Every structure is written in C-alpha cells, then in structure tokens.
Amino acid sequence: MKRERERMALALAEAEAAAAEGEVPVGAVLFDAEGRLLAAAHNRVRSLNDPTAHAEILALRAASARLGTSRLEGSSIYVSLEPCPMCAAAIGFARLKRLYFGAYDPKGGGVEHGPRIFDQRSAHHRPEIYGGIAEARAKKVVQAFFRERRRVEQG
C-alpha cells in the first residue's frame, strides 16, 4: 500500500499543477509492469482548447508514443479522481492491467458511478480497479478548486 500512496502522491502533484493553471485538478501517472514511470500528466482542456485533454488521455498518449504501441498491457495508471466515461473507455482500449484512483466522483465518474464502463458487455477489457487511494487528500484538492471558482464568480 505504501507504493500505491507514493504513486498517488505524484498524481496529486499533477492535479495541484492543473489547479494552479486554472484547469480542473486531475492528475495521472502511468507506470509500466516493471514500475518505471512512463508518463505524468494533468488536465489541459482549457490551455489546449481540447475537450479530450484529460489527464488520463494525455498520459495514455505520452506512454503510447514513448513505447510505440497502443497496447499498454501490464501497465498501471494512478489518477487523482475517478475517471470519467471517456477516460475509462480509453483505459480499457489501452489494455491497462490496473487502475488506481483517489477520490470517487458520483457526478462525473464512469467507473464506480454513472455508466460503469467496465461493467458493460461492450467493454473490451476490464483492469483491476482500486479506488479510494489517498481519498481524503484527493477530494480536498477538487473541493478547494471549485470552492475558489465559486468565490471568484460570485465576488
């Protein structure tokens, strides 16, 4: 569990970097089967003017480019927030072995909430899923970001 918390801390650092840039604070880090860091990313939807520039998608793209393959079998991704349906589907298409995430997302999540992508008959692959890693800290990062945005919008 110590390794998972250390890796989630890297994803949370990415989430905090996203928040500092005015992006929704989600971070992701991707490791290969041997434990080597392949990619680290955070949301960049606003800065790239790209609705698909979620942390998970950017990490998957970087790792795939680095390895020269779309199949990242044996790899694990750590995400600060439960992936949305788009990102969950991409994780499945990449054939990741494990998905770890921090805070649950009842409103926008696609793994344990909403459409539960990996529970669908159409899911091509289901990774091992571990939610709630460093959940309190992950939840705090998201809540602080949106609390500040509401304050700015009202003030």
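All values below come from the heavy atoms of this structure, side chains included, with hydrogens, waters and symmetry mates left out. Positions are given from 1 along the sequence. The model shown is predicted, which means the values in this text are computed figures rather than measured ones.
In this structure, SG on Cys87 lies 10.5 Å from CG on Leu99, to the nearest 0.5 angstrom.
Not one N or O on the side chain of Glu112 forms a donor-acceptor pair closer than 3.5 Å with the backbone of Glu82. A donor-acceptor contact shorter than 3.5 Å links the side chain of Asn43 to the backbone of Ala55. Remark: the backbone N or O of Arg147 is not paired with any side-chain donor or acceptor of Arg151 at under 3.5 angstrom. Side-chain atoms of Gln120 come within 3.5 Å of backbone N or O of Pro115 as a donor-acceptor pair.
The shortest heavy-atom contact between Asp105 and Gly108 is OD1-N, 3.0 Å. Here the closest heavy-atom approach between residue Leu37 and residue Arg66 is recorded as O-NH1, 2.8 Å. In plain terms, the two heavy atoms of Leu60 and Ala94 that are nearest each other are CD2-CB, 3.8 Å. In plain terms, the two heavy atoms of Phe118 and Ala88 that are nearest each other are CZ-O, 3.2 Å. Here the shortest heavy-atom pairing between Ala123 and Ile117 reads CB-O, 3.5 Å. The shortest non-hydrogen separation linking Ala53 to Leu58 is O-CD1, 3.7 Å.
Residues Arg95 and His124 have side chains in contact (heavy-atom distance under 4.5 Å, counting atoms from C-beta outward). In this structure the side chain of Tyr100 never reaches within 4.5 angstrom of the side chain of Ile77, judged on heavy atoms. Taking 4.5 Å as the limit, some side-chain heavy atom of Glu56 sits within range of a side-chain heavy atom of Pro83. For the pair Ser75/Leu38, a side-chain contact is recorded, criterion being any heavy-atom separation below 4.5 Å from C-beta on.
By the side-chain hydrogen bond (donor to acceptor under 3.5 Å, both in side chains) test, Gln154 is found to be paired with no residue, residues two or more places apart in sequence or in another chain being considered. For Ser70, the side chain to side chain contact (heavy atoms under 4.5 Å, CB included) test picks out no residue, with sequence neighbours left out. Partners of Arg46 by side-chain hydrogen bond (donor to acceptor under 3.5 Å, both in side chains), not counting sequence neighbours: none found.
When the side chains of ILVMFWY residues are joined at heavy-atom separations under 4.5 Å, either directly or via intervening members, Leu96 and Leu67 end up in a single hydrophobic cluster. Hydrophobic clustering of Ile, Leu, Val, Met, Phe, Trp and Tyr side chains at less than 4.5 Å, counting indirect connections, keeps Leu81 apart from Ile57.
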* To do: I would like to know whether Ser80 and Phe101 meet side-chain contact (heavy atoms from CB on, under 4.5 Å); could you show each step before the answer?
  => CA-CA 5 Å; Ser80 60; Phe101 65 86; over 6 Å; no
* Given side-chain contact (heavy atoms from CB on, under 4.5 Å), test Arg44 with His54 step by step and report yes or no. => CA-CA 6 Å; Arg44 298 193 58 214; His54 290 199; over 6 Å; no
* Checking side-chain contact (heavy atoms from CB on, under 4.5 Å) for the pair Arg149/Glu153: CA distance, chi angles, key distance, verdict? -> CA-CA 6 Å; Arg149 282 195 65 179; Glu153 289 173 1; 4.2 Å; yes
* To do: Please test Lys97 against Glu73 for side-chain contact (heavy atoms from CB on, under 4.5 Å), starting from the C-alpha separation and ending with a verdict.
  => CA-CA 6 Å; Lys97 183 172 183 174; Glu73 295 165 336; over 6 Å; no
Can you give me every donor-acceptor pair (side chain of residues 24-36, partner residue at least two apart or in another chain, under 3.5 Å) with its distance?
residue	atom	partner	partner atom	Å
Asp32	OD1	Glu34	N	2.9
Asp32	OD1	Gly35	N	3.0
Asp32	OD1	Arg36	N	2.8
Asp32	OD2	Arg36	NE	2.8
Asp32	OD2	Arg36	NH2	2.9
Glu34	OE1	Arg36	NH2	3.1

Using atom types as modelled, flag every donor-acceptor pair under 3.5 Å from a side chain in residues 129-143 to any protein atom, sequence neighbours excluded.
residue	atom	partner	partner atom	Å
Tyr130	OH	Glu128	OE1	2.6
Arg137	NH2	Glu16	OE2	3.2

Solution key, residues 4-15 side-chain donor-acceptor pairs under 3.5 Å, sequence neighbours excluded:
residue	atom	partner	partner atom	Å
Glu4	OE1	Met1	N	3.2
Arg7	NH1	Tyr78	OH	3.4
Glu14	OE1	His42	ND1	2.7

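Checking Ser47 against Glu23 by side-chain atom types alone, a donor-acceptor pair falls below 3.5 Å.
Taking the centre of each ring, His125 and Phe93 stay at or above the 6.0 Å mark.
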